[in-house]
Structures are given as structure tokens and as C-alpha cells.
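Counting begins at 1 with the first residue of the sequence.
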Amino acid sequence: MEERMAALASEAPADCALEVLGEIVIIRRDPAGTLDAAVIEEFVPPGVAAPLHRHGREDEISYVIEGTFRIWRGDEVLDIGPGGVALLPRHQVHSFKNIGTAPGRLLTVILPAGFERFFKVVAERGLGDENLDEIATVAAGEFGLEILGPPPA
């Protein structure tokens, strides 16, 4: 995974590549600094999922570049492949999982910007799936994010 991160980071040296919760997250930069949104690219191995969570401040739009993802959005369960888009509005419980057999890629826009710092904090502190309680504390206290537990089965 480290070799892949180095290669990805070298493709766009102004961007920031991080390993977070089993996936590689690349925070894409706005060179002009005028975009009030964060754009992240996620490289998600098969079977990897985000914890079930709810944003208090941000909306997300996820676009599937490669792979097949199951997205839980409120009471809905969506299976989407390349070219599929999911809107994940603030205050709505959601999660995703790569349900394919190969690594998948998501491009996620987070509105407004600011939440992308969450990925940096988790990576800098070396927090992983085994630290979900600590991640939940950081998420709630610093980012207005409520982590509700593991993704649905």
C-alpha cells in the first residue's frame, strides 16, 4: 500500500495522499484556492467500508470512477458502479462499502470545505479500525461528525 501511496502522491505533488481506515484518500487541491468544497479521491480495497456516520455540517456527493459500491443512505441501499452518483445530505446517516472483487475508486465532493482535515488528523494520529471509539471522539469534537458504529452487514 505504501508504494501505491507514493506513486499516487507523485502523480500530483500538490495533493496529499493518506492511508485512512484501510483506504487511500487523496485530498485534491484547488490551485486557485477559490473552491469552498473539498474534493477527495478514494482508493478502496474490496470489502473495505466506512463506519456508519452522520455529518452535521457537510453534504457529500460521491461519484464512482471504478468498482461497485453499496451505499447506505438513510433507509435506502444503493448498489452503484462506474458513472454512478450518490448525494449524501448532511444529517442523514450513511456509509459505503466496496462490494466488488477489485479495488474501487470514488471521487467525493464535500460541501463546504473543511472536513477533509478529518482524514489528516486520523492519519497523523495513526488511528485505525481498532480505534473506532477514539476516532468517534475526534470526529464529534472537532468535526461535527457522529460515528454510529460499523457499516451495516
Side-chain angles (χ1 to χ4, degrees), residues 8 12 14-100 103-153:
L8 292 168
D15 294 337
C16 176
L18 307 163
E19 187 173 344
V20 180
L21 297 171
E23 64 178 278
I24 296 173
V25 174
I26 300 175
I27 301 170
R28 297 293 182 185
R29 304 274 188 228
D30 169 19
T34 58
L35 185 63
D36 188 22
V39 177
I40 61 169
E41 187 173 356
E42 300 172 75
F43 290 80
V44 186
V48 170
L52 194 63
H53 63 281
R54 175 179 23 231
H55 296 265
R57 303 174 187 158
E58 301 87 15
D59 298 312
E60 293 179 299
I61 302 166
S62 290
Y63 172 80
V64 177
I65 299 170
E66 296 175 342
T68 304
F69 288 85
R70 177 158 295 145
I71 297 179
W72 292 270
R73 178 177 68 188
D75 293 332
E76 295 179 276
V77 179
L78 311 168
D79 288 348
I80 60 176
V85 176
L87 171 62
L88 306 168
R90 69 188 77 188
H91 306 299
Q92 187 171 57
V93 174
H94 62 274
S95 181
F96 69 84
K97 179 178 184 178
N98 178 350
I99 60 171
R105 287 174 57 206
L106 292 171
L107 188 66
T108 300
V109 177
I110 304 168
L111 302 152
F115 182 76
E116 68 279 7
R117 292 181 300 107
F118 169 77
F119 300 108
K120 289 182 180 180
V121 169
V122 169
E124 287 168 359
R125 296 183 187 178
L127 302 175
D129 290 328
E130 67 281 0
N131 309 108
L132 198 54
D133 288 342
E134 188 175 349
I135 292 171
T137 299
V138 168
E142 297 180 37
F143 298 99
L145 176 74
E146 182 181 6
I147 295 182
L148 303 167

Can you list the residues that meet the side chain to side chain donor-acceptor pair (under 3.5 Å) rule with [X], with sequence neighbours excluded?
X: Arg57; value: none
X: Glu142; value: Arg125
X: Asn131; value: none
X: Asp129; value: none

Exercise. Sequence neighbours excluded, which residues qualify as salt bridge (charged side-chain N to carboxylate O under 4.0 Å, His left out) partners of Glu76?
Worked result: Arg73
Test item: [X] and [Y] side chains (from C-beta on) under 4.5 Å apart, heavy atoms:
X: Leu21; Y: Phe119; answer: no
X: Ile65; Y: Glu41; answer: yes
X: Leu132; Y: Glu130; answer: no
X: Phe96; Y: Val44; answer: yes
X: Ile61; Y: Leu107; answer: no
X: Lys120; Y: Cys16; answer: yes
X: Ile27; Y: Asp15; answer: no
X: Leu106; Y: Val64; answer: yes

Search all heavy atoms of [X] against all heavy atoms of [Y] and return the closest pair with its distance.
X: Ile147; Y: Pro51; value: CG2-CB, 3.8 Å
X: Ala86; Y: Ile71; value: CB-CD1, 3.7 Å
X: Leu52; Y: Pro152; value: CD1-CD, 4.0 Å
X: Trp72; Y: Pro151; value: CZ3-CB, 4.4 Å
X: Ile135; Y: Gly128; value: CD1-O, 3.4 Å
X: Glu58; Y: Pro112; value: CG-O, 3.8 Å

Starting at [atom1] of [X], measure out to [atom2] of [Y] and round the result to the nearest 0.5 Å.
X: Ile24; Y: Leu18; atom1: CD1; atom2: CG; answer: 10.0 Å
X: Phe43; Y: Glu23; atom1: CZ; atom2: CD; answer: 10.5 Å
X: Asp79; Y: Ile99; atom1: CG; atom2: CD1; answer: 4.0 Å
X: Glu116; Y: Ile110; atom1: CD; atom2: CD1; answer: 6.5 Å
X: Leu88; Y: Leu78; atom1: CG; atom2: CG; answer: 8.5 Å

Problem set entry | Pairs touching residues 87-98 that satisfy side chain to side chain donor-acceptor pair (under 3.5 Å), sequence neighbours left out | His53-His94, Asp59-Arg90, Glu60-His94
For this session: Taking only Lys NZ, Arg NE, NH1 and NH2, and the carboxylate oxygens of Asp or Glu, determine whether Arg105 and Glu42 approach each other closer than 4.0 Å.
Result: no
For this session: Using the six-membered ring wherever Trp is involved, compare the ring planes of Phe115 and Phe118 and label them parallel, tilted or perpendicular (cut-offs 30° and 60°).
Result: parallel
